[in-house]
Amino acid sequence: MACLGAMLYVHRPRGSDTWNALPLSNTTQTGIHPHHANETARLIDHNPLNSADSRLVSILVRPSSIAGGHTRTIESLVGQSWPHWEAIVIASMADALEDGGAQFRGDPRIRQFPTAAGSNACDAYNSALETCRGRYVGSVEAGDRLHRSRLELQVQELERRPEIDLLGTSTGTIERPDGNVALPLGAPASRTVRPNRLAAWYADPLEFSSLLVRRDVHTWVGGLDPALSSMAPAELLARCLARGLRGGTLPAVLTQLAAHSADERRDSGDGSLLVERAFIFSVHLAPAFLHAGRHDLLARGLLDVADRAGSATGNEWAAVVSALRCLIGWSGSFDGFRDAFLAACDPSRVTEALAQKPTSSAPTASARPSSIRSRPPLVIIDDYFPNLNTAFRVAEFNDYLEQFDCEVLSTYAEFDRAHEGYAEHYPHFADRVKPFSREELAGRSCAYLVFVHNAWQHLPDLEAARLPFAYTLYPGLELYDPVADLMLQTVSQSPRLHRVVTTQHVTLDYYVNGQFGDPDLADLIWGITVPTSLLELPDLPRLRYGREKDTVDVCFTAHRYMPGGFDKGYDSFVEVARVLASESQAFRFHVVGGMTPDDAALGELASRFTFYPPQLTRFFPEFYRQIDVILSPNRPFTRRAGGFDGFPTGCCIDASLCGVAICCTDAFGENRYFQPGEAILVTPQDVDEIAASLHNLPHRPESFEAIGAAGRARSRELYSVRAQLEPRRDLIRGLLEEGGRPL
């Protein structure tokens, strides 16, 4: 199953709608319930090899220790409403069909697949898989049972939804294999299936025994990994989702999983199950999470594996966390991983474990080639640069490229495309911006990063290369979140940490009061870096209501991170617009950054709204000439628990530097720099109060123009090179000095 743990059993209340697989005590001597006798006789006459229907389903029945399990599972297959199936029973027929199961021997749809002497369960599965003839392949463990509608509903959905590669069902549990089995069939609302992407790995796990997989997909991905004993099905699912395949789950309980009295999936005490979980995470999941930019899932998966460690390795779970971080991206054998992982669980042997990693080795202090010795001492590592949509990174990193001997190494998934655009605008820096590789860290003196997830991700590499580093803790940190706290604490306690920069008072307070690390290493540089083109922008003549234009223009500028833009307060913006539009025909509304008319019901407002896709910095000076107010009713803890935006947002700062009046919320009381009512409008998260602060726009446009002018003057001070970049340059100089000292 998709989560790296024991089987997840969903318990359901008992009901009157029973399954076709009834207890043997209620069957006839043939083992088939009388209700299905006539239908079964008809189905046995059907030979799947002669079927005119190409939608044949192949079901691999895997052996288990449950007495009578094969018979009960096959009985539930024989009763399927979908007639086009074949069963490949992985065991000798004599062993498989015990307890009066001889009646199935004549069914041409059922074949035995004897296991070879000395082969393990994965080898047997893979060999049996090669014999499957169906368009779809499923697998059930002996003792599991299928609702009679399961295959029919799964095939219908897979035929209807070609974008779904793996389709599971909701599951229930058979607590007593020989007991009365009766679970309600959930409403087969198959059309509500939503594809389960990699992001849903922990939130909505797929269960291997409930899956139906397209045969060509299974062939492409491969079979079970013979090196793994207990977690091989989970490893197969990890490979599927990490390669971009999509799965879904029918919201009906269509599969019953037999509970094992002695679950072989539990760790035997030697740590073998922990190692298998760690292998799946390090080899398949972690690289996929990193590629998708889902550092939250990366950390959550790390916690999931470590929390299950217990005393299996004889070490605290923190040691397991350290080991996992070291081995992300392992590309060697499972045996090699096991040795390196167990070594890395001992903190004193981390470097030894890294040396065993086939993808790279830890840089050493031995003589290096001249090409390495000549590398710039400062390296900047980032996961989004050189994408030009990240204006604050472009402003900050370009300044370092201008001021210092340094290079930027990027893990951005679309690096080539982004670099092409960056090189067009900044050709003089382009050759110093490169894709990240661990080998590029050799010969450096120090490193700089932004955001805690980047520092956390690269911490093993930085420590192995013995590089002092600093990072900026921008908003994006999730307050009181165990995953974010783990990242923060791990990075803060690194002996290589030189400084951590905070940009908001709430972040500094959280860092210091949470005792994550040495408070003397924390600095506050309030605000954010902005493009110098906006700082140096001349006072362009603005278009004023009643003079150069006959509209009052309010804008909403923000990246769209979630449908509806609730984290940015787009819903409040629309409701404020509704109030203002009812008061004056002059109001017009502009939305920049990815929102669409589908994100909120506009109704009669639609004619007054203009939408713009995400824009680069050069778009805004001319655009903001016509805008009177930028409204930013953003709210914290909406898109992610504990997540919040900086105050003011970067979009508001850009608008302010162009003379637009800011009207925004301030959930954490960050405003200690703009005079309220004179250089900024700060409002609560309330539609009526926001609308009340803006309803005079058509009547007193000059007052809002004055707020915009005062805000521009203040923003030029707060976000100037002197206020923002010079303190950061001082930090980099100190970091370079630290990196030049003997270690």
Side-chain angles (χ1 to χ4, degrees), residues 293-296 299 382-385 387 389-397 448-457 470-481 483-489 491-492 499-514 516-517 522-531 557-562 565-570 593 630 632-656 662 664-674 680 682 685 715 718-719 723-724 727-728 731:
R294 292 302 301 271
H295 301 278
D296 57 329
D382 193 64
D383 63 336
Y384 200 62
F385 193 82
N387 189 318
N389 284 323
T390 179
F392 74 93
R393 281 183 175 94
V394 173
E396 182 177 359
F397 295 174
Y448 174 76
L449 312 92
V450 294
F451 293 102
V452 68
H453 68 258
N454 277 324
W456 180 84
Q457 174 193 338
Y471 76 101
T472 295
L473 188 58
Y474 278 114
L477 170 74
E478 298 179 17
L479 306 179
Y480 307 106
D481 178 80
V483 171
D485 286 353
L486 169 72
M487 292 184 183
L488 197 56
Q489 187 169 33
V491 174
S492 300
R499 307 293 292 180
V500 53
V501 177
T502 61
T503 64
Q504 302 275 275
H505 292 282
V506 63
T507 311
L508 178 61
D509 293 343
Y510 187 76
Y511 184 86
V512 172
N513 295 334
F516 291 100
D523 295 309
L524 175 67
I525 305 177
W526 192 89
I528 194 173
T529 56
V530 298
T557 305
H559 287 290
R560 183 184 187 272
Y561 293 111
M562 63 183 299
F566 297 112
D567 57 324
K568 301 296 184 180
Y570 179 64
I630 180 170
S632 178
N634 57 303
R635 53 173 72 91
F637 313 148
T638 303
R639 180 162 61 99
R640 302 183 308 271
F644 65 99
D645 290 313
F647 173 91
T649 66
C651 295
C652 285
I653 295 166
D654 293 350
S656 178
I662 300 176
C664 65
T665 53
D666 181 14
F668 297 112
E670 284 288 331
N671 184 34
R672 309 177 191 187
Y673 307 96
F674 292 89
I680 196 171
V682 178
Q685 183 62 256
S715 291
L718 292 169
Y719 305 103
Q724 294 295 329
R728 288 176 166 84
L731 179 140

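Values below: all heavy atoms of this structure, side chains included; hydrogens, waters and symmetry mates excluded.
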Those residues at least two apart in sequence (or on a different chain) that pass side-chain hydrogen bond (donor to acceptor under 3.5 Å, both in side chains) with Thr649 are none

Intermediate values then yes/no, side-chain contact (heavy atoms from CB on, under 4.5 Å), Val452 and Asn454 = CA-CA 5 Å; Val452 68; Asn454 277 324; over 6 Å; no

Residue list, side chain to side chain contact (heavy atoms under 4.5 Å, CB included) with Asn671, at least two apart or on another chain = Phe647, Asp666, Phe674, Pro676, Ile680, Val682

Between Lys568 and Ala558, what is the shortest heavy-atom contact and its length?
-> CG-CB, 3.7 Å

The reported gap from CH2 in Trp456 to OG in Ser492 (rounded to nearest 0.5 angstrom) is 14.0 Å

Starting from the C-alpha separation in whole Å, work towards a yes-or-no answer on side-chain contact (heavy atoms from CB on, under 4.5 Å) for Phe397 and Tyr448.
-> CA-CA 10 Å; Phe397 295 174; Tyr448 174 76; 4.1 Å; yes

List the steps and the verdict of side-chain contact (heavy atoms from CB on, under 4.5 Å) for Phe392 and Thr390.
-> CA-CA 6 Å; Phe392 74 93; Thr390 179; 3.6 Å; yes

Worked check of side-chain contact (heavy atoms from CB on, under 4.5 Å) between Val450 and Val501 = CA-CA 9 Å; Val450 294; Val501 177; over 6 Å; no

Taking all atoms of both residues into account, what is the closest heavy-atom pair of Thr472 and Glu396, and its distance?
-> OG1-OE2, 4.5 Å

The side-chain hydrogen bond (donor to acceptor under 3.5 Å, both in side chains) partners of Gln489 (sequence neighbours excluded) come to none

Sequence-distant partners of Arg393, salt bridge (Lys or Arg N to Asp or Glu O under 4.0 Å), two or more places apart | Asp382, Asp383

Any residue meeting side-chain hydrogen bond (donor to acceptor under 3.5 Å, both in side chains) with Gln504, in chain and number order, not counting sequence neighbours | none

When every non-hydrogen atom of Cys651 is compared with those of Thr557, the smallest separation belongs to CB-O, 3.3 Å

Partners of Phe451 by ring-ring contact (aromatic ring centres under 6.0 Å, His included), sequence neighbours excluded?
-> His453, Tyr474

Give the minimum heavy-atom separation between Asp645 and Pro475, together with the two atoms involved.
-> C-CB, 4.0 Å

Can you tell me how far OG1 of Thr502 sits from CG of Leu508, rounded to the nearest 0.5 angstrom?
-> 4.0 Å

Are any side-chain N or O atoms of Thr507 and backbone N or O atoms of Thr503, one a donor and one an acceptor, separated by less than 3.5 Å?
-> no

Sequence-distant partners of Tyr719, ring-ring contact (aromatic ring centres under 6.0 Å, His included), two or more places apart = none

Distance, nearest 0.5 Å, that separates CG of Leu488 from CG of Leu473 = 6.0 Å

Would you mind telling me which of Cys652, Ser656, Cys664 makes a side-chain contact (heavy atoms from CB on, under 4.5 Å) with Ile630?
-> Cys652

Which value, rounded to the nearest 0.5 Å, describes the distance between His559 atom NE2 and Asp567 atom CG?
-> 11.5 Å

Does Asp485 have any side-chain hydrogen bond (donor to acceptor under 3.5 Å, both in side chains) partners at least two apart in sequence or in another chain, and if so, which?
-> Tyr510

Check: Phe566 main-chain N/O paired with Arg635 side-chain donor or acceptor under 3.5 Å = yes

Among all residues two or more places apart in sequence or in another chain, which pass the side chain to side chain contact (heavy atoms under 4.5 Å, CB included) test with Arg499?
-> Ala470, Leu521, Asp523, Leu731

Non-hydrogen atoms of Val394 and Phe385 that approach each other most closely = CA-CE1, 3.9 Å

In chain order, what residues pass the salt bridge (Lys or Arg N to Asp or Glu O under 4.0 Å) check against Glu670, with sequence neighbours excluded?
-> none

Closest heavy-atom pair, Ala391 versus Pro531, reported as atoms and distance to 0.1 Å, is CB-CG, 4.1 Å

